[in-house]
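The chain is numbered in sequence order, starting from 1. Each ligand, and each atom within it, is numbered from 1 in the order the structure gives. Quick caveat, the model's predicted, so the values are computed rather than measured.
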Amino acid sequence: MTRRRAARVAALLALALLPDVVASASDRLAVTWHPARPHIGDVAWLHLRGASEAAVVEGSVGNHPLTFFPYAGGHAALVGLDIDGKPGAQPWRLAVLDPSLDPRQLTGKGTVAARQFPAQRLTVPPGMADLDPETERRAVSEGQRLQMLYRTVSPERLWRGPFVRPVAGTEPATGFGARRIINGKARAPHGGADYTAARGTPVVAANAGRVAVVADYFFPGRLVALDHGLGLYTLYFHLDTVSVAEGDRVDRGQPLGTVGATGRATGPHLHFGAQLGSARVDPAALLSLRLAD
Ligand SMILES: [Zn+2]
């Protein structure tokens with residue numbers, strides 16, 4: 001066990017014995033949500049002030065664990081609000097073990113606003129909608145492999161500064177959260193956002209990270225998944241070519257490959273996804289995320 005891990009376990013054991021303390025104005029510790037009233041699909045973040053950078057901070061929103069990182073003299077954690085999540089009050093809980101303070105447990109509630117998603121009707125070749133059993137097994141196992149990846153929380157924050165569009169241009173990506181009706185049947189909501197672009201258009205990394213997966217899957221086609229650390233991943237689907245390999249470290253803006261129409265695609269486009277733990281979040285929210293470092 002690492003020293004940091006051991007300190008966390010000790011902190012949690014100590015905190016299990018403490019009564020809850022609700023953060024108040026007179027508290028040295030203060031927790032704020034950014035934005036103050038996030039929506040379903042957003043990437044929000046919690047900011048803990050008043051604890052030193054040496055503090056060990058653990059916490060959760062609802063049942064979802066948070067991963068804190070040192071930020072602006074305090075600590076911050078991203079909160080992914082899944083596409084299928086419920087709006088309303090979201091209880092949060094933080095445990096803080098600061099060498100200069102008594103161990104503390106803070107609780108509170110954030111409020112998540114609803115968001116309406118459009119319905120989208122698509123027609124694809126029948127073999128891409130109603131799968132034969134072998135293809136169905138393949139698609140399910142590929143989906144499970146990605147789910148396992150998203151549950152892997154790399155300990156180091158690799159991203160810094162703003163996230164950038166993965167393809168050049170100014171047209172916004174479309175279709176995040178669309179309730180899809182494919183060949184007349186309701187399907188899972190669209191978990192990413194699509195940029196229409198010509199085949200061969202360069203696709204670049206939205207931020208610094210490590211290439212976690214390069215693969216050719218049934219629905220996503222040729223894909224790259226980037227691990228940005230602390231449970232944050234970005235996804236690039238339907239690529240024509242891929243110019244990176246698993247394990248490569250990439251910088252923001254570094255080419256990953258080119259736009260294509262591999263997998264289940266109605267034409268050349270980039271499907272750009274963002275995943276925070278199990279939460280499918282709006283890549284546009286990631287692009288508008290502003291942290292000072
Ligand atoms: Zn898509």
request  = Kindly say whether Gly50 contributes a backbone atom to a donor-acceptor pair with the side chain of Arg28 at under 3.5 angstrom?
outcome  =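 Indeed, once roles are kept as given, a pair shorter than 3.5 Å links the two residues.
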Looking at His271, the N/O/S atom that lies nearest to the Zn ion (ligand 1) is called ND1
Checking distances from the Zn ion (ligand 1), one finds that the N, O or S atom of Asp194 closest to it is OD1
Handout entry: Criterion ring pair (Phe, Tyr, Trp, His ring centres under 6.0 Å) against Trp45, the qualifying member of Trp92, Tyr71, Trp33
Key =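 Exactly one candidate clears the test, Tyr71.
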Answer yes when Glu142 and Arg138 have at least one side-chain N-carboxylate O distance shorter than 4.0 Å, and no when they do not.
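A salt bridge is present here (some side-chain N lies under 4.0 Å from a carboxylate O).
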Can we say Asp42 and Arg37 salt-bridge, meaning some charged N sits less than 4.0 Å from an Asp/Glu carboxylate O?
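No, no charged N to carboxylate O under 4.0 Å.
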Got an N, O or S from His190 under 2.8 Å of the Zn ion (ligand 1)?
yes
